[in-house]
Amino acid sequence: MKPSTLRTRTFTHLLPAHVEPWILEGTVTIVIDVLRATTTIAWALGSGAARVLPVLEPADATSLRDRLEGRERVILGGERMGVRIEGFHLGNSPRDYDADRVDGRTIVFTTTNGTRALAHARKARRVLAGSFACLSAVARVARSAAAEQTSDVHLLCAGTDGGVTLEDVLVAGALAERLSDDAPAGNDETLLALHAWRHVASAPGEQGERIARAMRDARGGVNLVQLGFERDIRDASIIDHVNACPELVTGQDGPALVAAREG
Ligand code: MLT
């Protein structure tokens, strides 16, 4: 057993506004926007996308695309008010990022809350993108990165339009549970997330359906149902659809999400 001074802890932040970026410095931070940005990123990488370049604004996306080599093959993806941005190829539905469309491609991506939360985590030593879609892979990479660096793990929920959202808290709880041997709860938000997740995980019925039911009632889920994207909630409820962990790295074209190297 490792000495207690070397044990890492798990801290949960229910919104980016709850944590100053400098607090994340040197840590392993997992950004969570399960409906839908971090789920869509996982599905895109799982479908063979070479990289996802997150930017804050639609205008940043088009100007970055214009500077990239092979720009005619670059895909613009993302949403505003939940729907595809005018002139963009794809919106923010995970299933749209299939191999036919994205295999080998660069995707320039902007969403309302998710890509902003990724930018908030920029000072962390390792930034991972968490969702049910890649739960095991993200937990695996976070565990080994935290052990290697003896650093804490921070779970950063994106929320929706400045408000806390249950769906991100559920993913935080599921990750905290998988990390808990190595990383005891660092704050009460982690305990809150664990309780919320265990409540959903122990309800009757098939697991994916239980998660979807809880997410449908949550703030982000209600928005998606209103927009006719209920299918995305079901897709975002599938655990381990992708066996790769999205990691934000610094590339020659700026921050890029790629599948983390393991082993
Ligand atoms: C976000 O960044 O908050 C999401 O992309 C919103 C959405 O999926 O519509």
Side-chain angles (χ1 to χ4, degrees), residues 13-19 29-47 49 52-61 64 75-98 102 107-122 127-134 138 155-172 211-212 214-238 241-242 246 248 255-257:
H13 310 287
L14 301 180
L15 283 174
H18 292 183
V19 58
T29 295
I30 306 175
V31 175
I32 302 164
D33 184 9
V34 63
L35 294 179
R36 295 165 289 176
T38 52
T39 300
T40 299
I41 290 163
W43 280 56
L45 294 176
S47 297
V52 178
L53 307 180
V55 295
L56 291 181
E57 300 297 340
D60 301 333
L64 175 56
I75 290 175
L76 294 175
E79 57 69 37
R80 280 299 179 274
M81 312 282 283
V83 298
R84 182 168 61 84
I85 299 160
E86 205 184 320
F88 277 39
H89 303 96
L90 297 175
N92 199 17
S93 293
R95 196 169 281 267
D96 290 350
Y97 290 72
D98 59 14
V102 307
I107 298 163
V108 182
F109 191 63
T110 180
T111 71
T112 312
N113 304 286
T115 47
R116 228 160 260 291
L118 283 163
H120 198 82
R122 64 191 173 276
V127 181
L128 313 178
S131 61
F132 288 119
C134 51
V138 170
L155 305 173
L156 179 62
C157 299
T160 294
D161 302 328
V164 172
T165 43
L166 175 65
E167 69 269 13
D168 292 342
V169 176
L170 292 177
V171 176
I211 295 171
M215 297 216 289
R216 239 179 257 126
D217 287 341
R219 199 179 161 116
V222 168
N223 286 348
L224 291 180
V225 171
Q226 275 169 0
L227 291 166
F229 291 130
E230 186 159 2
R231 189 194 65 183
D232 293 356
I233 301 175
R234 288 200 303 276
D235 287 342
S237 304
I238 303 170
H241 176 74
V242 177
L248 192 67
L257 288 142

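Note that ligands are numbered from 1 as they come in the structure, with each ligand's atoms numbered from 1 the same way.
The side chain to side chain donor-acceptor pair (under 3.5 Å) search around Ser93 returns Asp232, not counting sequence neighbours. Evaluation of the side chain to side chain donor-acceptor pair (under 3.5 Å) rule for Arg216 yields Glu230 as partners, not counting sequence neighbours. With sequence neighbours excluded, the residues that form a ring pair (Phe, Tyr, Trp, His ring centres under 6.0 Å) with His241 are Trp43.
The minimum heavy-atom distance linking Gly82 with Leu227 is given by the pair CA-CD1, 3.8 Å.
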The test is side-chain contact (heavy atoms from CB on, under 4.5 Å); show your working for Asp235 and Arg36 and say whether it passes.
CA-CA 10 Å; Asp235 287 342; Arg36 295 165 289 176; over 6 Å; no
Report the C-alpha distance between His120 and Val31 in whole Å, list the side-chain angles of each, state the deciding distance to 0.1 Å, and finish with yes or no for side-chain contact (heavy atoms from CB on, under 4.5 Å).
CA-CA 9 Å; His120 198 82; Val31 175; over 6 Å; no
Sub-3.5 Å pairs, protein N or O with ligand 1 N or O:
| residue | atom | partner | partner atom | Å |
| --- | --- | --- | --- | --- |
| ligand 1 | 2 (O) | Asp33 | OD2 | 2.9 |
| ligand 1 | 2 (O) | Thr111 | OG1 | 2.7 |
| ligand 1 | 2 (O) | Thr112 | N | 3.4 |
| ligand 1 | 2 (O) | Asn113 | N | 2.8 |
| ligand 1 | 2 (O) | Gly114 | N | 2.7 |
| ligand 1 | 3 (O) | Asp33 | OD2 | 3.3 |
| ligand 1 | 3 (O) | Asn113 | N | 3.3 |
| ligand 1 | 3 (O) | Asn113 | ND2 | 2.5 |
| ligand 1 | 5 (O) | Glu79 | OE2 | 3.0 |
| ligand 1 | 5 (O) | Asn92 | ND2 | 2.6 |
| ligand 1 | 8 (O) | Arg36 | N | 3.2 |
| ligand 1 | 8 (O) | Arg36 | NE | 2.7 |
| ligand 1 | 8 (O) | Arg36 | NH2 | 3.3 |
| ligand 1 | 8 (O) | Asn92 | ND2 | 3.0 |
| ligand 1 | 9 (O) | Arg36 | NH2 | 2.8 |

